[in-house]
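Comments concern the structure below.
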Amino acid sequence: MPELPEVETTRRGLAAHLEGATVTGVVIRNARLRWPIPENLPELLSGQAVISLKRRAKYLLLDCGRGTLILHLGMSGSLRILPLATPPVPAGSQGSSPKNIVAPSASCFERGGMPGVSPQLRCDPPAIHDHFDLLLDNGKLMRLRDPRRFGAVLWHEGDVHAHPLLARLGPEPLEDYPGKNSFDARYLYQATRGRNVAIKALIMNNHIVVGVGNIYACEALFSAGISPLLKAGKLSLARCDKLVTAIRTTLSAAILAGGSTLRDFVNASGNPGYFQQQHWVYARAGEPCRCCGAPIRQIKQGQRSSFYCENCQKG
DNA sequence: CGCCAGGCCTGCACGC
DNA sequence: TGCGTGCAGGCCTGGC
């Protein structure tokens, strides 16, 4: 699900609730995501103050000073802020309680009197796919839901950008790096030279540019008037410029609309995005092109569906 | 039942 | 032999 606009929408919704708060506990209901959630996360995170929530590509980076919590939403993940039903007891006033550290098997059902769960951990009952909670001292919690479990929750100490998952990523499409490797026409032109791969696959390659998934690859190629089948090496500098602009404007417009919700994406407040109403081609197979009226075509490229208008997009 | 779905890492085969 | 490259597979669940 989440491509860059959905992840950025999530980040913006979460940041104010997380930054400045202190982690009081962690609940792991199912550690089996794409990689296992580290078992010792409760010990690592409890008592840590959240400094910032940033984004790199489709990863959310929760800087806790001592280390960084790396979050990825995979295909079906979403993160929400929820209130704890009962405000947490202020630190130090609770004598015997051990810092709200919760074992993975613990849950926070409101009903049912689940044994071993202290009152301050009660909240909305988690659903079947709510795998992970971060409990905060401001009376809120951040909850990860991920039915398909392609997402990730990882911990990294030291420079997070040196993490193996981040170290080799290409430039951010919406940022400029003065002097080097900004995602501009010249960069894309260089990156496409000698490449036989279809342009659609190339712009979805994280080593070239990050954040462009299947939806926005299709939409940006339509916007630039470029066929998804065109071999990357054939792109002229002028068309690279068009494509860079199309990627930037498409992603920016999607962020403004709160992302695309096809089935289950919700932002930090639990609300859907609306950019799918502005899709020109994605998931519109057989429907008339909003530009020329020709039917939108759907083809397969490397196991993924591509949607495009044969008339408006040239090879 | 089979097929499809927003991501992305890994491993393989291939050609220079 | 050693690469860069381009595929295919795999991880999962839910919905049509």
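Below, chains carry the letters A, B, ... as their sequence lines are ordered, and counting in each starts from 1.
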How far does CD of A:Gln190 sit from CD1 of A:Ile208, to the nearest 0.5 angstrom?
11.5 Å

Phosphate oxygens OP1/OP2 of C:dG6: is one of them under 4.0 Å from a side-chain N or O of A:Arg195?
yes

Taking the minimum atom-to-atom distance to the side chain of A:Lys58, which one of C:dG6, C:dA8, B:dG7 wins?
B:dG7

Taking any heavy-atom pair under 4.0 Å as a contact, classify A:Lys300: base, sugar-phosphate, or nothing.
sugar-phosphate

Candidate nucleotides C:dC12, B:dC9, B:dA5, ranked by approach to the side chain of A:Arg149 - the nearest
C:dC12

Applying a 4.0 Å non-hydrogen cut-off, can you work out what A:Asn206 is touching in the nucleic acid: base, sugar-phosphate, or nothing?
sugar-phosphate

Go through B:dC8, B:dA5, C:dG6 for me and flag the one nearest to the A:Arg34 side chain.
B:dC8

Rounded to whole angstroms, how far apart are NE2 on A:His72 and C1' on B:dC9?
11 Å

Look at all strands and tell whether A:Phe275 reaches a base, only sugar-phosphate, or nothing, counting heavy atoms closer than 4.0 Å.
nothing

Using a cut-off of less than 4.0 Å, is there contact between a side-chain N or O of A:Ser305 and OP1 or OP2 of B:dA5?
yes

So, A:Tyr282 versus A:Ser305: side-chain donor-acceptor pair below 3.5 Å or not?
no

Which residue, A:Arg148 or A:His207, contacts DNA chain B at a nucleotide closer to its 5' end, judged by nearest heavy atom?
A:Arg148

Within this structure, what is the OH-to-P distance between A:Tyr282 and B:dG7, rounded to whole angstrom?
8 Å

Give me the distance, rounded to whole Å, that separates B:dC1 from C:dC11 when you measure between the C1' atoms they each carry.
22 Å

Candidate nucleotides C:dG9, B:dC9, C:dG14, ranked by approach to the side chain of A:Leu165 - the nearest:
B:dC9

Could you tell me how far apart A:Phe265 (CZ) and C:dG15 (P) are, to the nearest whole angstrom?
19 Å

Got a second to check how far A:Thr68's OG1 is from A:Asp63's CG, nearest 0.5 Å?
5.0 Å

Working note: A:Gln301 + A:Ser306, criterion side-chain hydrogen bond (donor to acceptor under 3.5 Å, both in side chains); need CA distance, chi angles, decisive distance, verdict.
CA-CA 7 Å; A:Gln301 288 183 280; A:Ser306 295; 2.5 Å; yes

Can you tell me the distance, in whole Å, between the CG atom of A:Asn196 and the P atom of B:dC16?
11 Å

May I have the distance from A:Asn30 (atom CG) to C:dC11 (atom P), rounded to whole angstrom?
16 Å

Go through the steps for A:Ser260 and A:Glu6 under the test side-chain contact (heavy atoms from CB on, under 4.5 Å), then give the verdict.
CA-CA 7 Å; A:Ser260 297; A:Glu6 290 75 31; 3.6 Å; yes

Does A:Arg193 make a cation-pi contact with A:Tyr189, if we ask for NZ or CZ under 6.0 Å from the ring centre and within 45° of the axis?
yes

Side chain of A:Trp35 - closest among C:dT13, B:dC9, B:dA5:
B:dC9

Starting at CG of A:Leu169 and ending at P of B:dC9, how long is that distance when rounded to a whole Å?
8 Å

Would you mind pulling out the nucleotide paired to C:dC12, Watson-Crick or G-U wobble, both distances under 3.5 Å?
none

To the nearest Å, give me how far apart CG (A:Leu33) and C1' (C:dT13) are.
13 Å

Quick one: label A:Gly213 by what it contacts on the DNA or RNA (base, sugar-phosphate, nothing), any heavy atom closer than 4.0 Å.
sugar-phosphate

Of C:dA8, C:dC11, C:dG14, the nucleotide closest to the side chain of A:Phe150 is C:dC11

Between A:Gln303 and A:Ile128, whichever has its closest DNA chain C nucleotide further toward 5' is A:Gln303

Roughly, in whole Å, what's the span from CD in A:Glu6 to P in B:dA5?
17 Å

Would one find a side-chain N or O of A:His129 under 4.0 angstrom from OP1 or OP2 of C:dG14?
yes

OP1 or OP2 of B:dG7 less than 4.0 angstrom from a side-chain nitrogen or oxygen of A:Arg304, does that happen here?
yes

